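Note that the structure is predicted; figures quoted are calculated from it, not measured. We count ligands from 1, going down the list as the structure has it; atoms in each ligand are counted the same way.
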Amino acid sequence: MEVIWAPWRLSYVSNVTKGKEKGCFICRAIEDDPSRDRENLLLYRGKKAIVILNRFPYNTAHLMVCPIRHTGDFLSLLPEELAEIDELLKRSIRAIKRAYNPDGFNIGLNLGKVSGGSVDTHIHYHVVPRWLGDTNFMPVTAGVKVIPQSLDETYDRLKTFWE
Ligand SMILES: [Zn+2]
C-alpha cells in the first residue's frame, strides 16, 4: 500500500510521543455516553462491534471497524465478533460508496506495533476510500493541508447514508 501523505497526522504522532494520549481511545468512545457519539466520531454501535471515524484520516471518510471488546489478539476474536465486523465492513463500504463515490478502497489490519499500527491493544480494521489521483492532489503548501471536508461534515454525511 502506498503511503498517502497526511500532515495533520503530525500532531497525532507528536501527541503520542509526548504521551498525551492516555488509555485506549476506542474504549473511551465506547464507554462514553451515546449522546456524545457525534463528538467522539462514533458512527455506529453494534452488539459486538462499532464503527468510528479516524480522527487523523489518511483520506476523507477514513473509518475504522473495531470489536467492542478491548483486545489486540486477533486469534482471540470470537465467531460472533468476526461476523459482526464483516457485516460492519460491508455496511461501511456501502455507506461510503453512496456518500462519496470513491474509485476504490484500502481495507486492512495492522497487528502489533512493528506493523505500523498506532494502537496495538485494540483491534481496528481501517477502511480508507481512494479516488484516482488522490495522492497527487494532496500537495504540500507551506505545511498546510486543505482537508476537503471537516470530520463533523463527514460524520453527518456518512450517518445520512448509513443503513
Ligand atoms: Zn480498547
Does R130 make a cation-pi contact with F105, if we ask for NZ or CZ under 6.0 Å from the ring centre and within 45° of the axis?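 That pair does not qualify as a cation-pi contact.
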Output all residues satisfying ring-ring contact (aromatic ring centres under 6.0 Å, His included) with Y125, sequence neighbours left out; order by chain, then residue number.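 ring-ring contact (aromatic ring centres under 6.0 Å, His included) list for Y125, sorted by chain: empty.
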Partner residues of E84 under the side chain to side chain donor-acceptor pair (under 3.5 Å) criterion, sequence neighbours left out: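 If we apply the side chain to side chain donor-acceptor pair (under 3.5 Å) test to E84, skipping adjacent residues, there are no hits.
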Does anything in residues 64-91 pair up under ring-ring contact (aromatic ring centres under 6.0 Å, His included), and if so which pairs, sequence neighbours excluded?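 Output for this query lists H70-H122.
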Which is it for S76 and T71 under the side-chain hydrogen bond (donor to acceptor under 3.5 Å, both in side chains) test, yes or no, and what are the steps along the way? CA-CA 8 Å; S76 81; T71 179; 3.1 Å; yes
Could you please give the number of protein N/O/S atoms within less than 2.8 Å of the Zn ion (ligand 1)?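 Of the protein's nitrogen, oxygen and sulfur atoms, 4 lie under 2.8 Å from the Zn ion (ligand 1).
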Between S150 and D152, is a side-chain hydrogen bond (donor to acceptor under 3.5 Å, both in side chains) present by the stated rule, with each step listed? CA-CA 5 Å; S150 78; D152 282 348; 5.4 Å; no
